Visitor: 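Before I ask anything, here is the structure I am working with.
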Amino acid sequence: MRERYNFKEIEAKWQARWEKEKLYKTPDFSRKPKFYCLEMFPYPSGKLHMGHVRNYSIGDVVARFKTMRGFHVLHPMGWDAFGLPAENAAIKHGNVHPADWTMDNIRAMRAQLKQLGISYDWDREVATCHPGYYKWTQWLFLQLYHRGLAYKKKAPVNWCPSCATVLANEQVVGGGVCERCKTPVERRELEQWFFRITAYAERLLKDLELLEGWPEKVKVMQENWIGKSEGAELRFKVAGMEEEIVVFTTRPDTVYGVTYMVLAPEHPLVEKLVAGKPQEEEVREFVRRVRNMREIDRASTTLEKEGVFTGVFCVNPFTGEQVPILVANYVLMEYGTGAVMGVPAHDQRDFEFARKYNLPIRVVIQPPGEELDPETMTCAYEGDGVMVNSGPFNGLTKEEGIKAVVKYAEEKGLGRSAVNYRLRDWLISRQRYWGAPIPIIYCKACGTVPVPEEDLPVLLPREVEFKPTGQSPLASCPEFVNTRCPRCGGPARRETDTMDTFVCSSWYYYRYTSPRDENQPWDRAKVDYWLPVDQYIGGVEHAILHLLYSRFFTKVLYDLGLVSVQEPFTNLLTQGMVLKDGAKMSKSKGNIVSPEDIVERYGADTARLFILFAAPPEKDLEWSDQGVEGCYRFLNRVWRLVTAVAPEIAGAPSRPSGRLVGVNREMHRLTHQAVKKVTEDIEKRFNFNTAISAIMELVNALYQYREVPETDRDPAVMREAVEHLLLLLAPFAPHIAEELWEAIGHRESIHRQPWPAYDQEALVEDEITIVVQVNGRVRERVLVPAGISTEEMKEVVLAQPRVRQLLEGKEVLKIIPVPGKLVNIVVR
RNA sequence: GCGGGCGUGGCGGAAUGGCAGACGCGUCGGACUUAGGAUCCGAUGGGUUCGCGCCCGUGUGGGUUCAACUCCCACCGCCCGCACCA
């Protein structure tokens, strides 16, 4: 026997050779059908973690499999390289520059990825912090600016005191904490740059329907985030004043049930209403108190609903009635119009509020077969019913009522039908250094002036003080700030905020097609050839953030005529987390397993195999050291088997010829069965775990086959089985497959071989075992010739002595034969 | 509260209407061996039986079906996301 399985030597050998021979280099075009396989690029933190290993192992199997299937595969990798950790490291350690820190990390992680043997075309590597990249991020900003999709406004924004910067709504999670550091965010009134993603709300929502290859879960999350709701805006005049209050409601049919009006504490009308009223001070105090609350407390569902009367009334234009106007903490300025009509009988929140403050409750929808009584109601009735106490609308159903009331309101100028979205515009300004500068110049004479395209990139200056002050560090860098106005040539100042890193990652998948193009963000022909991404793979934590932003960018680019696709990612796979002891791996829990250690100890092939074998890709995966051992043992088993039979199959043909019988025929059949199973598991369902178990079964079968005397074995059958085994294993464990492929005499890389096809003929069995059930319970098994008719099946089964015994004295009611599987006899 | 998902041996997981527990881990037994935590072979859901068998078993209760882990209804538990959205 040859030497033992020396994974270290083998993996190093092949990684070097693949690199030298540029095995994974992808030409821009090909006559073959294309396949763009993409994994979410990582932030260069410095070290790969198991989540990365899982992500890239999954992607690599897909890429290698598709390549063997005859596709021209694009499989690139790069770095989401701008971001806070680099800057924070610089602040903490003082002597390291974010750029250097980032580049060191990229080097380290690139080396680790290469050690894993992932089939990337490294010539296409991109890093978002490279001026050659962010030049185009800035260029894209300008395209949005020119279209009115990038704008600056003063608005209440989310401020993370720990990160010392503002955040987009999508980056505030869990009712009010920073997505990165979990610090409760504060609200600040600041002038900031936004992308008008709300202009695309409807398309972002509607086109979710096109994404058949996306998990339902992600689509639902995006749908909820966009939060479309249809209803009406109704206008209420303030009694004795010129002012009007506009409310948004999804239930215009309940307008006759309005018994009060509520404004958000931030509503601009509040101050005007209360000025000079006896309630003035009380209201101001209330508003102050609510506004000073932290976002996380205010958003809490358990927060007691509170409100105060303004001393002012408004007129319900439908009834002519006056109802009191209140200010309450449960009304949000950010949603709708910041004002709500109170209909306690038909809205649970209003109901609770009305009961607390003794506001009247008026039923205007009667549910079928029930009489609602405001006195005895314990909760609001929000369901369907018939309109009552509603003047001319009495008798209409909820749906009819909604239409009729809106129509009436429109005719009388009292309001209009309206659609509301929860989605807010994307705040992209960041008061930090390590990001792409926003290419804008402020001139006293000309105002806001975009940097001309020929002046791009606006380079990040290297020498900057990083201390977080709440202002961008660039602001204290005079060489950066002071410039000339591109329009009038006069002295001007640069915008000092940088862009949210999610801007950089919203278009990187286009750049991979033209990574070194200096004249344009991408070559149109190349983008048109490769896009959309056929398979995108990454963590579900980006279900909203990155995936929504990328979809938005793509739609903007489509409208700008820069790309031909409306959706960037055809199929999305969201992989599960890697857990240890039932919990996410984390420093604080001390349950981290380092990929480096595993690769060092067992090799990349084992690491990859285990992570793919332990669970289906979209499910969470429980790490198991013993499971890893098992995979290592399996690869050793493959190694011993192939090296042992190598001499025996050396001269044999790759395919058996003639009619096979007995064990040879059986081995031949099992080989083709394995090919079928592995092919289908990868192609149809991405079930790599069951694909691997099928390969294991093939290996087990080969060990059995080797038990039969050598004179009875067919070397061609053995050769076929071993070659197929290696081909099937190649996407999962590329190094050992390559080494053994060479060991059995091949010169060309196994990764250049076509994926094996299975022979339908070979799968056919002469005899099959069918199960005999009596009343649905398995009672006997019979070996019958394959392909016999159901009639014959019945006959054979009924002739069995055991079956006859079981049927003794029973009345046979029915016999159900299932071809090739079983016969169920129903008796009494 | 709303939305999505999950619930199967000692463990990770197979099986999407047709033999529940593939494959792997663990455990037990055997072989080889000076020895083996290496390797090879075998057993391994529970109960009962000398054994052939038989009975029970996929969170719980009901239903559909010749046949249910799988489909339907109700409930319980866990995980994830959103959460006063008017």
Side-chain angles (χ1 to χ4, degrees), chain A residues 4 173-175 215-221 223-225 227-229 231 247-251 254 262 264 298-305 328-332 334-343 346-350 352-353 382 420-422 540-541 543-544 576-577 579 582 609-610 613-616 618-631 633-634 636-637 640 677 687 689-700 703-704 706-707 769-781 802 813-827:
Chain A
R4 62 180 184 86
V173 298
E216 201 52 40
K217 173 186 162 139
V218 174
K219 287 192 276 188
V220 168
M221 281 167 76
E223 198 179 314
N224 290 342
W225 188 258
K228 179 179 183 175
S229 75
V247 299
F248 174 76
T249 177
T250 53
R251 295 293 303 276
T254 63
V262 223
R298 198 171 154 189
S300 160
T301 335
T302 54
L303 181 72
E304 177 84 12
K305 288 183 184 30
N329 62 353
Y330 76 95
V331 179
L332 308 171
E334 306 84 69
Y335 186 77
T337 59
V340 176
M341 61 183 211
V343 187
H346 305 292
D347 182 283
Q348 187 57 26
R349 292 156 310 184
D350 296 348
E352 288 164 24
F353 192 73
E382 299 182 342
N420 223 308
Y421 297 93
R422 222 132 68 196
V540 75
E541 65 274 15
I544 309 278
M577 285 189 295
L579 309 175
L609 196 69
F610 168 72
F613 177 61
E618 67 281 0
K619 282 187 68 176
D620 286 349
L621 177 155
E622 174 68 26
W623 185 267
S624 155
D625 292 334
Q626 284 167 334
V628 179
E629 289 270 359
C631 288
R633 257 199 307 262
F634 168 70
N636 272 285
R637 212 165 133 77
R640 282 191 302 272
K677 171 87 174 136
N687 277 9
N689 54 333
T690 50
I692 292 167
S693 78
I695 301 174
M696 288 172 168
E697 284 180 274
L698 177 59
V699 171
N700 291 344
Y703 270 83
Q704 294 296 320
R706 247 170 52 86
E707 293 285 300
T769 302
I770 62 167
V771 164
V772 184
Q773 294 182 335
V774 177
N775 287 344
R777 323 186 65 118
V778 179
R779 290 297 184 222
E780 180 65 309
R781 277 155 234 273
R802 167 130 178 87
L813 299 177
K814 212 174 184 183
I815 301 178
I816 299 124
V818 181
K821 289 216 170 105
L822 60 72
V823 175
N824 189 10
I825 305 165
V826 187
V827 301

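No hydrogens, no waters, no symmetry mates; every other heavy atom, side chains included, goes into these values. Lettering of chains follows the sequences in order, A, B, ..., and the numbering in each one begins at 1. On a predicted model such as this, the values are computed, not experimentally measured, just so you know.
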Visitor: From CZ of A:Arg802 over to C1' of B:G53, roughly how many Å is that when rounded to an integer?
Guide: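 In whole Å, B:G53 C1' and A:Arg802 CZ are 7 Å from each other.
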
Visitor: Measure the spacing between CD1 of A:Ile815 and CG of A:Asn824 and express it to the nearest 0.5 Å.
Guide: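 Nearest 0.5 Å value for the CD1-CG distance: 10.0 Å.
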
Visitor: Measure from the side-chain heavy atoms of A:Asn224 and tell me the nearest of B:G18, B:C25, B:G3.
Guide: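 The nucleotide sitting nearest to the side chain is B:G3.
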
Visitor: Name the closest nucleotide to the A:Thr249 side chain, picking from B:G13, B:A86, B:U39.
Guide: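 Within the option list, the nearest is B:A86.
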
Visitor: Is there a side-chain contact between A:Lys219 and A:Glu223, using heavy atoms and a 4.5 Å cut-off?
Guide: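 No, side chains not in contact.
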
Visitor: For A:Glu697 and B:C23, what is the distance between atoms CD and C1' respectively, to the nearest whole Å?
Guide: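 Interatomic distance, CD of A:Glu697 to C1' of B:C23: 6 Å.
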
Visitor: Looking at A:Val218 and A:Val540, what are the two nearest heavy atoms and their distance?
Guide: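 In this case the closest contact between A:Val218 and A:Val540 is CG2-CG2, 4.2 Å.
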
Visitor: Roughly how many Å is it from CG in A:Leu609 to C1' in B:G24, rounded to a whole number?
Guide: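 Result: 10 Å.
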
Visitor: Walk me through whether A:Val772 and A:Val778 qualify under side chain to side chain contact (heavy atoms under 4.5 Å, CB included).
Guide: CA-CA 6 Å; A:Val772 184; A:Val778 179; over 6 Å; no

Visitor: Scan A:Tyr703 against the nucleic acid and name what it touches under 4.0 Å (heavy atoms): base, sugar-phosphate only, or nothing.
Guide: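 Result for A:Tyr703 = sugar-phosphate.
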
Visitor: Rounded to the nearest Å, what distance is computed from the CZ atom of residue A:Arg640 to the P atom of nucleotide B:A38?
Guide: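 For the pair A:Arg640 CZ and B:A38 P, the rounded distance is 11 Å.
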
Visitor: Given B:A86, B:C80, B:C23, which nucleotide is nearest the side-chain atoms of A:Lys217?
Guide: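 In terms of side-chain proximity for A:Lys217, the closest of B:A86, B:C80, B:C23 is B:C80.
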
Visitor: Ignoring backbone atoms, test whether A:Arg637 places a side-chain nitrogen or oxygen under 4.0 Å from the OP1 or OP2 oxygen of B:A38.
Guide: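 A:Arg637 to B:A38 OP1/OP2: no side-chain N or O under 4.0 Å.
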
Visitor: Taking any strand in view, what nucleotide pairs with B:C28 in a Watson-Crick or G-U wobble way, both distances under 3.5 Å?
Guide: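 With both distances under 3.5 Å, B:C28 matches B:G42.
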
Visitor: So is A:Lys305 actually on top of A:Phe353's ring, under 6.0 Å and inside 45° of the axis?
Guide: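 No - A:Lys305 does not lie over the ring of A:Phe353 by the 6.0 Å and 45° rule.
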
Visitor: NZ of A:Lys619 versus P of B:C78: gap in Å, rounded?
Guide: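 In whole Å, B:C78 P lies 18 Å from A:Lys619 NZ.
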
Visitor: For B:G29, does the O4'-C1'-N9-C4 or O4'-C1'-N1-C2 angle fall within 90° of 0, making it syn, or is it anti?
Guide: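 Anti conformation for B:G29.
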
Visitor: Under 4.0 Å, heavy atoms only, any strand: does A:Val818 hit a base, just the sugar-phosphate, or nothing?
Guide: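 Contact class for A:Val818: base.
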
Visitor: Between B:G59 and B:G77, how far is it from one P atom to the other, in whole Å?
Guide: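 Their P atoms lie roughly 16 Å apart.
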
Visitor: For B:A86, does OP1 or OP2 lie under 4.0 Å from any side-chain N or O of A:Ser229?
Guide: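 The answer is yes; a side-chain N or O of A:Ser229 sits under 4.0 Å from OP1 or OP2.
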
Visitor: Between protein and nucleotides 66-72 of chain B, map the contacts as a letter string: B base, S sugar-phosphate only, - none, heavy atoms under 4.0 Å, written 5' to 3'.
Guide: BS-----

Visitor: Select base, sugar-phosphate, or nothing to describe what A:Gln704 touches, counting heavy atoms under 4.0 Å on all strands.
Guide: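 The residue A:Gln704 makes sugar-phosphate contact but no base contact.
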
Visitor: Between atom CD1 of A:Ile544 and atom CH2 of A:Trp225, what is the distance when rounded to the nearest 0.5 Å?
Guide: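 Reported value, rounded in 0.5 Å steps: 6.5 Å.
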
Visitor: Which nucleotide sits closest to the side chain of A:Tyr335: B:C25, B:A86, B:C82?
Guide: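 When the side chain of A:Tyr335 is considered, B:A86 is the closest of B:C25, B:A86, B:C82.
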
Visitor: State whether A:Arg779 places a side-chain N or O below 4.0 Å from either non-bridging phosphate oxygen (OP1 or OP2) of B:C55.
Guide: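 Checking B:C55 against A:Arg779, a side-chain N or O does come within under 4.0 Å of OP1 or OP2.
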
Visitor: Check the distance between B:C78's C1' and A:Asp620's CG and give it to me in whole angstrom.
Guide: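 Result: 13 Å.
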
Visitor: Which part of the nucleic acid, if any, lies within reach of A:Pro616 when heavy atoms closer than 4.0 Å are counted: base, sugar-phosphate only, or nothing?
Guide: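 It contacts sugar-phosphate atoms only.
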
Visitor: Could you check whether any side-chain N or O of A:Asn689 sits under 3.5 Å from a backbone N or O of A:Ala615, counting only pairs where one atom can act as donor and the other as acceptor?
Guide: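 Not confirmed, A:Asn689 side chain does not pair with A:Ala615 backbone.
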
Visitor: At 4.0 Å (heavy atoms only), tell me whether A:Val262 reaches a base, stays on the sugar-phosphate, or touches nothing.
Guide: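 It contacts nothing in the nucleic acid.
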
Visitor: Does A:Arg4 put a side-chain nitrogen or oxygen below 4.0 Å from OP1 or OP2 of B:U39?
Guide: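 The answer is no; no side-chain N or O of A:Arg4 sits under 4.0 Å from OP1 or OP2.
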
Visitor: If you check the A:Phe613 side chain, which of B:U39, B:A15, B:G12 turns out closest?
Guide: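 Minimum distance to the A:Phe613 side chain belongs to B:G12.
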
Visitor: Could you give the CG-to-C1' distance, from A:Asn420 to B:A86, as a whole number of Å?
Guide: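 In whole Å, B:A86 C1' and A:Asn420 CG are 9 Å from each other.
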
Visitor: How many whole angstroms separate atom NZ of A:Lys821 from atom P of B:G17?
Guide: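 Value for this atom pair: 10 Å.
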
Visitor: If only side-chain N and O atoms of A:Asn689 are considered, is one of them under 4.0 Å from the OP1 or OP2 phosphate oxygen of B:A14?
Guide: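 So the side chain of A:Asn689 is within the cut-off, an N or O lying under 4.0 Å from OP1 or OP2 of B:A14.
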
Visitor: Nearest heavy atom decides the nucleotide; on that basis, is A:Tyr421 or A:Ile692 closer to the 5' end of RNA chain B?
Guide: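 Its nearest nucleotide being more 5', the pick is A:Ile692.
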
Visitor: Just so I know, are the side chains of A:Glu780 and A:Val774 near enough to count as touching, which here means a heavy-atom distance under 4.5 Å?
Guide: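 No, their side chains stay 4.5 Å or more apart.
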
Visitor: Could you state the interatomic distance from CD (A:Glu382) to OG1 (A:Thr254), rounded to the nearest 0.5 Å?
Guide: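 Going from CD on A:Glu382 over to OG1 on A:Thr254, the span is 10.0 Å.
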
Visitor: Heavy atoms under 4.0 Å, any strand shown: does A:Gly336 hit a base, just sugar-phosphate, or nothing?
Guide: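 No contact.
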
Visitor: For the side chain of A:Arg777, counting heavy atoms from C-beta on, which of B:G18, B:C56, B:A15 is nearest?
Guide: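 Among the listed nucleotides, the one closest to the side chain of A:Arg777 is B:C56.
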
Visitor: 5'-most contact on RNA chain B: A:Asp347 or A:Glu216, nearest heavy atom basis?
Guide: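 Nearer the 5' end of the strand: A:Glu216.
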
Visitor: So, does A:Asn700 get its side chain near the phosphate of B:G24, meaning an N or O under 4.0 Å from OP1 or OP2?
Guide: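 Yes, within the criterion.
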
Visitor: As an exercise, state the distance from CG of A:Asp350 to CZ of A:Arg251, rounded to the nearest 0.5 Å.
Guide: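 A:Asp350 atom CG to A:Arg251 atom CZ measures 11.0 Å (nearest 0.5 Å).
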
Visitor: Could you tell me how far B:C75 sits from B:C69 if I compare only their P atoms? Round to whole Å.
Guide: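 Taking atom P in both B:C69 and B:C75, they lie 22 Å apart.
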
Visitor: Reckon A:Thr250 touches a base, only the sugar-phosphate, or nothing at all at heavy-atom distances under 4.0 Å?
Guide: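 If one applies the 4.0 Å heavy-atom cut-off, A:Thr250 turns out to touch the sugar-phosphate alone, with no base involved.
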
Visitor: If you only use heavy atoms from C-beta on, which nucleotide in B:C56, B:G13, B:A86 is closest to the side chain of A:Ala615?
Guide: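 The closest nucleotide is B:G13.
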
Visitor: Between B:A22, B:G12, B:U39, spot the one nearest the side chain of A:Arg633, thanks.
Guide: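 Taking heavy atoms from C-beta onward, the closest nucleotide is B:U39.
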
